[in-house]
Amino acid sequence: MPTEQSKKIIAQIRRKSFLQLINGTLTAGATTIPVIDPATEEVLLHAPVADKAQANQAIESANQAFSLWRTLPISDRVSLLLQLLDRIEAHRDLIAQIITLEVGKPLAAAYADVDLALMWGREVTQMSLEPTRLEKAPDTIVEIHHAPLGVVLAIIPWNFPFFQTLYKLVPALMCGNTLIIKPAPTTPLNALLLAELAHDLFLAGVLNILGDAGDLGPHLSQHPDIHKISFTGSTSVGRHVMASGASNLKRIVLELGGNDAALVLDDANLEMAAKSIFDWAFMNSGQVCINIKRIYVPTKHYDAFCTLFAAHAQRAVLGHGLNEQTEFGPLQNKRQFETIKQLLEQAKKDGTIVAGGTITAGKGYFVPLTVVRDIDENSPLITEETFGPIRAIMPYHSIDDAIQRINNTPYGLGNSVWSSDLERARTIAQQLESGTVWINTHFALAPDVPFGGHKQSGLGVEFGIEGLLAFTAPKVIHINIP
Ligand code: NAP
Ligand code: MG
């Protein structure tokens, strides 16, 4: 239940008006959509959503703005982005409160999202887009510049919406592109607040932020005047996005689902591994692409590990994100809640539940942190991505067998190896099929380290210089000196 202080925060946010940003103007929606607090199921307020005409207007303005925006010196673009980041910092409390209310996550985690977005944005603006110069012969110079692509469409999911918006926005605009942001229908408010903070900073059309009732995605992704799509979401929608780019050969980066495994070796410190794996398995109530979703433990340590791991889950405090003692919030939306409820029933059939397992009656999309052991590995809990707080632990006899089972998935986002023997862990890391393999940690991301999925977890990368350059195309100027 929200406290008195929380009620004040909610009332203050309800009084705010949230508008889209289209062609430099704060704009009401063609219609509105209710935004729900997932911890209470109450309507927070009604947010504006665009119809196709408004979406087209945003795309047209972004195309018009591109011709001027791309010619500005990069230092001017960076200066505007740094001003935006300063405004965000000045509104840190409000943004964090909005994230907590619409996403459901604890306030401390929402502040961490805002701070991460600020750190990330500022670091990206330090990266260099200087052309490379090759002196091929005394009379020949080749310059490789990084040209912007045009109008970028950023499709944002609901799990870290503010951070995800910023880590697409800063590199896209810095490189000289213009941008359309489409937040998830269930978490639009943080993006609409950004619209308010940014509306008078950029040339009209450079940044557009639309609301969506759940039907705008295909219209935008098929639009012939969009030149690049940066999509974060599920693998199944990722396939549609890729197909819709074919008509005008849009550049596409896809960050999709994951089914990350943690492989505990027999020489790992079990207590430390159980605690860290618990943290990264259940972070954001299990709604992260790079949560640890499958845990492999040597047979001889299996019982001990299951007990240690389940104890952490049993102690977890669930509640409204504005309550100080809350460690884990609800699932973000009803659809996700219904999916996870079904998986909970499946878990009871396919394995033995040693923590959680029962949803208490009452309002809010709360699912207790649930740990399953002795599970049939053909269960959808293992073969598919479980995007919620249910995690399974499996025993293994030999490392080769564990590696084979871990790799037996169409996903390839991340994995981790837990061991006190770093050389051994590194050798095993080479054999795991994923874009990232962590050793004795999981989840660690940085603005200067590329992140992307192998197999069907994605296409291309974000972050690092590789991620920045993915918002550009190489442009060669070949000079013959007469
Ligand atoms: P989702 O179901 O894939 O939806 C993402 C968005 O795609 C929606 O807002 C939807 O907009 C839009 N969309 C649907 N069809 C489209 C189309 N044909 N063209 C363009 N857009 C379209 O994902 P979600 O439920 O928001 O997020 C959960 C998933 O995201 C999980 O699988 C998770 O692993 C993944 N994820 C991955 C990462 C990563 O970095 N790899 C990070 C976070 C989450 P409409 O409203 O218009 O339908
Ligand atoms: Mg839809």
Side-chain angles (χ1 to χ4, degrees), residues 31 33 35 38 47 49-52 55 102-103 105 113 120 152-165 167-168 180-188 191 210-223 226 228-247 250 252-260 283-293 331-340 343 384-388 409-414 434-436 443 445 449-463 467:
T31 51
I33 187 175
V35 181
V49 299
D51 59 7
K52 287 182 183 162
E102 64 180 345
V103 180
K105 67 178 70 183
D113 286 0
W120 212 276
V152 174
L153 167 63
I155 299 180
I156 314 291
W158 39 259
N159 52 354
F160 292 84
F162 189 74
F163 172 51
Q164 287 153 333
T165 298
Y167 75 55
K168 293 182 195 289
I180 312 284
I181 291 172
K182 190 200 85 58
T186 54
T187 56
L210 300 173
D212 168 34
D215 55 0
L216 215 52
H219 176 72
L220 294 170
S221 63
Q222 283 161 23
H223 202 290
I226 298 277
K228 163 165 176 152
I229 305 177
S230 176
F231 174 81
T232 302
S234 64
T235 296
S236 60
V237 175
R239 286 191 196 99
H240 289 291
V241 169
M242 192 167 170
S244 66
S247 58
K250 293 179 178 73
I252 292 185
V253 169
L254 305 173
E255 291 293 355
L256 307 177
N259 201 357
D260 292 19
M283 193 208 190
N284 209 37
S285 299
Q287 304 166 107
V288 195
C289 52
I290 47 169
N291 275 133
I292 293 168
K293 292 171 183 137
L331 296 187
Q332 197 283 315
N333 58 69
K334 189 164 175 36
R335 197 186 66 179
Q336 199 60 25
F337 182 53
E338 296 302 330
T339 305
I340 295 299
L343 281 172
E384 291 165 23
E385 179 188 36
T386 301
F387 212 63
T409 168
Y411 292 104
L413 198 54
S434 54
T436 305
F443 217 103
L445 302 174
V449 178
F451 172 68
H454 289 188
K455 301 199 273 187
Q456 294 185 43
S457 280
L459 187 75
V461 295
E462 295 191 284
F463 317 154

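Both ligands and their constituent atoms are indexed starting at 1 by order of listing. Note that the structure is a prediction, hence the values are computed from the model and not measured. Numbering starts at 1 and runs along the sequence shown.
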Inset, instruction - With side chain to side chain contact (heavy atoms under 4.5 Å, CB included) as the test, would you mind laying out the steps for Leu459 and Phe231 before giving the verdict? - result: CA-CA 10 Å; Leu459 187 75; Phe231 174 81; over 6 Å; no
Legend entry - Working for ring-ring contact (aromatic ring centres under 6.0 Å, His included), residues Trp158 and Phe387: CA-CA 12 Å; Trp158 39 259; Phe387 212 63; 5.5 Å; yes
Inset, instruction - Step by step, work out the side chain to side chain contact (heavy atoms under 4.5 Å, CB included) result for Phe162 and Val103. - result: CA-CA 10 Å; Phe162 189 74; Val103 180; over 6 Å; no
Inset, instruction - Would you sort out whether Phe160 and Lys105 count as a side chain to side chain contact (heavy atoms under 4.5 Å, CB included), showing the intermediate values? - result: CA-CA 9 Å; Phe160 292 84; Lys105 67 178 70 183; 3.3 Å; yes
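In this structure, the separation between OG1 on Thr165 and CD1 on Ile155 is 12.0 Å, given to the nearest 0.5 Å. Expressed to the nearest 0.5 Å, how far CD of Glu385 lies from CG of Asp260 amounts to 8.5 Å. How far CD1 of Ile181 is from CG of Asp212: 13.5 Å, rounded to the nearest 0.5 Å.
The protein atom (non-hydrogen) at minimum distance from atom 47 (O) of ligand 1 is Gly217 N, 2.6 Å. Among protein heavy atoms, atom 44 (C) of ligand 1 sits closest to Asn159 ND2, 3.4 Å. In terms of protein heavy-atom proximity, atom 4 (O) of ligand 1 is closest to Val237 CG2, 4.4 Å. Protein heavy atom nearest atom 38 (C) of ligand 1, with residue, atom name and distance: Cys289 SG, 2.9 Å. Residue, atom and distance of the protein heavy atom nearest to atom 28 (C) of ligand 1 are Phe387 CE2, 3.7 Å. Among protein heavy atoms, atom 6 (C) of ligand 1 sits closest to Ile155 CG2, 3.8 Å. Nearest protein neighbour of atom 41 (N) of ligand 1, counting heavy atoms only, is Leu256 O, 2.6 Å. Nearest protein heavy-atom neighbour of atom 9 (O) of ligand 1: Lys182 NZ, 2.9 Å.
The one candidate from Glu255, Lys168, Gln164 that meets the side chain to side chain donor-acceptor pair (under 3.5 Å) condition with Ser230 is Lys168. Under the side chain to side chain donor-acceptor pair (under 3.5 Å) test applied with Glu338, the options Lys334, Gln336, Arg335 reduce to a single match, Lys334. The side-chain contact (heavy atoms from CB on, under 4.5 Å) test with Lys228 singles out one residue from Ile252, Leu153, Val253, and that residue is Val253.
Of the N and O atoms on the side chains of Gln332 and Asn284, not one donor lies less than 3.5 Å from an acceptor on the other residue.
Residue contacts to the Mg ion (ligand 2): Pro185 brings no N, O or S atom closer than 2.8 Å.
The shortest heavy-atom contact between Leu256 and Leu413 is O-CD2, 3.8 Å. Heavy atoms only, all atoms of each residue included: Ile229 and Ile226 are closest at CG1-CG2, 4.2 Å. Residues Gly257 and Tyr411 approach most closely at O-CD2, 3.3 Å, considering heavy atoms.
Here is the list of ligand 1 atoms found below 4.0 Å of a heavy atom in Phe451: 40 (O). If you number the atoms of ligand 1 from 1 as listed, the ones under 4.0 Å from a heavy atom of Arg335 come out as 2 (O), 25 (O). Per-residue contacts place Ser221 under 4.0 angstrom from the following atoms of ligand 1 (heavy atoms of the residue considered): 17 (C), 19 (N), 20 (C). Annotation for ligand 1: atoms under 4.0 Å from non-hydrogen atoms of Val241 are 19 (N), 20 (C). Close contacts of ligand 1 with Glu385, meaning ligand atoms under 4.0 Å from a residue heavy atom, involve 31 (C), 32 (O), 33 (C), 34 (O). The ligand atoms of ligand 1 that sit less than 4.0 angstrom from a heavy atom of Trp158 are 24 (P), 25 (O), 26 (O), 27 (O). The Pro157 neighbourhood of ligand 1 comprises atoms 26 (O), 27 (O), 43 (C), with distances under 4.0 Å to a heavy atom of that residue. In summary, the atoms of ligand 1 found under 4.0 Å from a heavy atom of His240, numbered by their order in the structure, are 18 (N).
Residue Pro185 places a heavy atom under 4.0 Å from ligand 1. Between Phe160 and ligand 1 there is no heavy-atom distance shorter than 4.0 Å. Using a 4.0 Å cutoff on heavy atoms, Gln164 counts as a contact of ligand 1.
With distances taken over non-hydrogen atoms, the option nearest atom 45 (P) of ligand 1 out of Asp212, Leu216, Leu153 is Asp212. The option from Ala243, Gly257, Gly233 that lies nearest to atom 35 (C) of ligand 1, judged by heavy atoms, is Gly233.
Within the 4.0 Å heavy-atom criterion, both parts of Pro218, backbone and side chain, lie near ligand 1. Residue contacts with ligand 1, taken as heavy atom pairs separated by less than 4.0 Å, do not involve Gln332 at all.
For ligand 1, the polar-atom distance check against Gly214 finds a nitrogen or oxygen pair separated by under 3.5 Å. The shortest N or O to N or O distance between Ser244 and ligand 1 is not under 3.5 Å.
Between Phe463 and Phe451, the two ring planes are parallel [angle under 30°; tilted spans 30° to 60°].
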